[in-house]
Every structure is written in C-alpha cells, then in structure tokens.
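Step one of this worksheet: look at the structure below.
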Amino acid sequence: MTALNFAAQSSWEMDRAHSLHPWTNFGPFEDQGALVIARGQGAWLWDANGQKYFDAVGGLWCTNIGLGRPEMAQAIAAQAERLAFSNTFVDMTNDPAARLSARLASLAPGDLNRVHFTTGGSTAIDTAARMVQYYQSCMGRPAKMGLVARDHSYHGSTFLSQSIGKRPGDRVDQFRYKTDGIYHLSVPDPYRAPDGMDEAAFCTWLVAEFEALIAREGAETIGGFFAEPIQASGGVIVPPEGYLRRMAEVCRKHDILFVADEVVTAFGRLGHWFASWEEFGVQPDIICTAKGLTSGYIPLGAVIFSDRIWAAMAADGARWFTSGYTYSGHPVACAAALRNIEIIEGEDLLGNAARVGALFEQRLADLEALPIVGQVRGRKLMICVENVADKATKALLPDDLAVGKRISDACEAMGLMVRPIGHLNVMSPPLVITEGDVDFVARVLGKAIAQVADSLVREGVRIG
C-alpha cells in the first residue's frame with residue numbers, strides 16, 4: 001500500500017479499528033483497511049493522499065449529475081435552514097415533499113401518479129412488497145401473497161428485499177432468509193442460455209417457466225413479480241428482446257402486479273427518466289427508485305404506483321397503510337431531489353447519456369478482442385465486462401483467482417475506478433461523462449485486462 005500522509009493515516013486507522021462496512025470481507029479488510037476518499041468533483045475522485053481517479057462506478061450507480069455541485073449544496077443548505085425536518089406520518093407533509101410527489105407523477109409513465117417516500121432502494125422494495133400484499137388483500141384476494149423474482153437479481157439488503165433478490169454471493173450461511181411465498185425464476189441472460197437456444201427461443205422458454213410456476217402454485221397465490229429492467233449488480237443482464245413485455249402480459253392475465261425495480265435504471269442511466277416504458281415498452285404497476293433520484297447527495301427512495309392501486313387500497317376509507325419511515329418525505333432530501341431533476345433537465349443530461357452512452361457501448365465492446373473477455377454487455381451508461389477462462393466454452397476462471405478484483409486493482413493504479421463483482425467488472429459512470437472520458441476508460445481498462453491476462457498466463461493458468 002502507498003505510504004499515507006498523516007491525515008490519511010489517521011482516517012485509515014480509525015476506520016479500520018471501528019467501522020463495519022457494507023459487505024465487509026473481513027480478512028482483506030483487517031489486513032489492508034479501506035481506501036479513504038477525500039474529495040469529488042464531477043466524475044473524478046481524490047483519495048486522502050491526493051491520488052486522482054475517474055469514477056466509472058458512479059459511486060454505486062448513483063452520482064448521476066456528478067459531485068461537487070454548488071447549486072446542490074445551496075439547495076440542501078437553504079432547505080436545512082428553512083425546515084430541517086418535518087414528519088410526514090398520517091396527515092402531515094411539507095412543501096418539498098408535496099412538490100416532489102407531483103414532479104415524479106409527471107415524469108412516471110401511464111397512471112403512476114401516487115408516491116410513497118422511503119429512505120433508499122432497499123426500503124422502497126420492502127415497501128412495494130407490502131403494498132403488493134395489501135393491494136391484493138383489499139381486492140378480496142387474501143391468499144395472493146406470493147412474490148416472484150429472478151436468479152441473479154439484487155433488490156436490496158433489508159431482510160425482505162434481500163430475500164426477494166437472489167444474487168450469487170449475497171446468500172451467506174450465517175443469515176436466514178424468508179423463503180416461504182417467495183419464488184425465483186431463471187436469470188434472463190442470453191449469454192448463458194441453454195445450449196442450442198437462440199435468443200427468441202430462450203425468451204419463449206423463460207416466459208413458459210413463469211407460466212409453469214403460476215400453474216404449479218396457483219394464480220390465486222401469486223401477488224407480484226419483481227424485475228429490474230436490466231439486472232444491475234447481478235451482472236448487467238440485458239434480457240432477451242420482448243422478454244419484459246411478455247412477462248408483463250403474463251402478469252396482467254393473472255392479476256399479478258408488475259413491480260419495476262428502477263433503483264439503478266431511472267433518472268438517466270439509460271438516457272430516460274424511467275427505463276421500463278421508454279426502453280422496454282412495459283407499463284409497470286409500481287416503480288421503485290432511489291440512487292439517481294438525488295444523485296447520491298442525500299439518501300432518498302420512492303415507490304411510485306398507479307391510481308388503480310391507490311383506489312383499491314383507499315376504497316374502504318377506514319383502512320390504515322401501516323408502512324413508512326421517520327425520514328419518509330424528508331424535506332432536505334426532497335429539496336435535493338427537486339434540484340437534481342432540474343439539473344438533469346436543464347443540462348440535457350438524458351441526451352448526453354444517450355449520445356455518449358452509445359459511444360461507451362461501442363468503445364467497450366472492442367474489449368471483447370482481449371483473451372479473457374467473454375462478453376461486454378449493457379446499454380448506455382450501464383456496462384459489464386464478463387471475464388472467462390475460455391471464450392468458446394464460456395468457462396469461468398477459479399474464484400480464488402479473483403480476476404475482477406485484480407483488474408479493478410490494476411485500473412486503480414492507473415487512476416480508474418471500476419467495480420469488481422466476482423469475475424465481472426461493472427461500470428455506471430455519471431451522466432456528465434464526456435467522449436474524452438470514454439476514451440480514457442476504454443484505454444485504461446483494456447490495458448488493465450491485458451496486464452492481468454498476462455500475469456495469469458505467467459502463473460500457469462490456462463486461458464482458452
């Protein structure tokens with residue numbers, strides 16, 4: 001590890017002695033500690049020792065408008081001075097929460113005109129799951145409580161949201177998960193489709209699998225289907241053409257609510273406010289969002305749902321929807337989201353994401369020529385490199401080689417941050433990315449992958 005200056009060393013030591021990080025890997029953490037980040041500007045980060053990095057991870061899929069925006073700091077400070085907190089339970093609200101509700105309703109597709117604020121993506125999914133069950137009960141279908149998701153999905157880290165998700169590596173022996181009433185279908189990954197299936201046949205097979213699950217369990221027991229338009233942390237899985245639309249048709253046929261987990265894909269990641277309708281032609285019943293909603297400046301999530309669901313839940317008049325959080329509709333967070341949306345709109349960052357995102361796809365696709373790159377996939381500013389031992393068979397390298405981490409470490413040494421997830425390297429840069437930035441990412445990542453491939457060969461690892 002590079003020698004640290006006094007301030008960096010102090011932060012490093014305090015963190016190592018006292019912090020439990022999300023997804024802590026205890027051995028490496030106790031040995032190496034954490035990288036201390038001190039400053040951010042646009043798409044760039046500086047660590048506490050002054051080293052500069054291009055953040056191709058975008059924080060965690062979230063720093064959409066870039067860091068260091070004085071107008072965001074001013075909006076946050078002004079709201080904190082005016083009204084730092086106001087609870088929104090039962091029959092109270094505040095101006096930023098009310099205005100943001102209306103703004104989200106105007107941006108969301110179809111009749112998604114109702115909003116319930118949460119603290120982030122995990123709590124949005126948790127709330128949506130309870131909303132599915134509440135709605136089905138209000139419709140006179142009290143047995144229709146089952147929830148369906150997919151393998152390799154990530155829906156959050158609360159008890160319920162992590163039980164709905166099923167990403168490899170998230171399920172550990174030391175935790176217990178809810179299993180009754182939660183079902184998982186195959187990951188819709190065309191790269192790993194069964195042998196002999198083209199994309200169209202694979203799509204039909206996946207839809208038939210959903211129909212078979214419903215037939216086996218009974219439509220009267222399945223209440224909601226949860227789907228990321230593109231499975232993000234599960235490997236940037238872009239489903240087969242027509243898959244989401246056909247799955248939504250199955251949902252409508254059986255009175256199953258379609259819940260779009262757009263925690264990652266909303267607010268510009270694919271060049272749209274929301275990806276479900278504009279990118280995939282699907283009208284969800286519920287959209288869950290967070291991350292790009294405030295570009296990471298303040299924690300905030302939202303469940304955006306249809307007038308039809310509201311009408312069913314409210315029909316009795318005497319019911320209580322007993323779900324919410326102390327910080328639901330937090331005025332400072334909502335003020336930050338409103339300013340964030342203004343910036344995205346005023347600077348045409350959706351357009352930039354679409355234009356530069358197309359170049360990002362193209363330039364990174366060239367990496368498939370490298371010996372360990374099996375596939376580069378994704379759309380716009382949401383890309384994954386899948387590293388393999390054999391390009392023909394798609395066989396993976398052994399887990400203990402930590403190929404994704406080796407590549408990300410090599411990138412870091414050259415001033416680039418990419419995210420390692422097992423054998424994958426994932427990127428989701430801010431929407432302010434430029435064509436020059438794309439060239440930098442492609443060049444450095446390509447060099448890092450080549451270096452790691454060479455080192456693997458020198459270690460005697462067979463590369464097919």
query: Val432 and Asn64: side chain to side chain contact (heavy atoms under 4.5 Å, CB included), yes or no, with the steps?
result: CA-CA 7 Å; Val432 295; Asn64 292 17; over 6 Å; no

message: Please determine whether side chain to side chain donor-acceptor pair (under 3.5 Å) holds for the pair Arg82 and Gln79, giving the CA-CA distance in whole Å, both sets of side-chain angles, and the decisive distance to 0.1 Å.
response: CA-CA 5 Å; Arg82 184 181 310 112; Gln79 183 57 50; 2.8 Å; yes

task: Start with the C-alpha distance between Asp126 and Phe159, add both sets of side-chain angles, then the distance that settles side chain to side chain contact (heavy atoms under 4.5 Å, CB included), and finish with yes or no.
output: CA-CA 8 Å; Asp126 198 291; Phe159 172 68; 5.9 Å; no

message: Between Arg363 and Leu359, does the side chain to side chain contact (heavy atoms under 4.5 Å, CB included) criterion hold? Intermediate values first, please.
response: CA-CA 6 Å; Arg363 292 283 283 111; Leu359 178 65; 3.7 Å; yes

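For Phe274 and Phe267, the ring centers are positioned less than 6.0 Å apart. Not less than 6.0 angstrom separates the ring centroid of Phe202 from the ring centroid of Tyr243.
Counting heavy-atom neighbours within 6.0 Å of Glu435 CD, excluding the residue itself, gives a total of 12 or less. At most 12 non-hydrogen atoms from other residues, nucleotides or ligands lie less than 6.0 angstrom from CD of Glu241. Atom CG of Asp198 has more than 12 heavy atoms from other residues, nucleotides or ligands within 6.0 Å. Enclosure of atom CH2 in Trp277 is not indicated, since only 12 or fewer non-hydrogen atoms of other residues, nucleotides or ligands lie within 6.0 angstrom.
In this structure, NE2 on His116 lies 10.5 Å from OG on Ser101, to the nearest 0.5 angstrom.
Between the side chain of Arg150 and the backbone N or O of Pro188 there is no donor-acceptor pair closer than 3.5 Å. Listed for the Glu217 side chain is no donor-acceptor partner under 3.5 Å among the backbone atoms of Ile222. Of the possible donor and acceptor atoms, one in the side chain of Asn340 sits under 3.5 Å from a partner among the backbone N and O of Leu293. In this structure, Thr123 contributes its side chain and Thr119 its backbone to a donor-acceptor pair below 3.5 Å. Between the side chain of Ser163 and the backbone N or O of Lys178, at least one donor-acceptor pair lies under 3.5 Å.
Annotation: cation-pi geometry satisfied between Arg171 and Tyr177 (NZ/CZ under 6.0 angstrom from ring centroid, within 45° of ring axis).
Partner of His272 under the side-chain hydrogen bond (donor to acceptor under 3.5 Å, both in side chains) criterion, out of Lys380, Glu262, Glu279: Glu279 alone.
Using bins of under 30°, 30° to 60° and over 60° for the plane-to-plane angle, the ring pair His330/Tyr327 lands in the tilted bin. Aromatic ring orientation, Phe440 versus Trp44: tilted (interplanar angle from 30° to 60°).
Looking only at atom types and distance, the side chain of Asp261 has a donor-acceptor partner in the side chain of His155 under 3.5 Å away. Side-chain polar atoms of Arg246 and Thr204 form a donor-acceptor pair below 3.5 angstrom. One side chain, Tyr325 or Thr127, offers a donor N or O that lies under 3.5 Å from an acceptor on the other.
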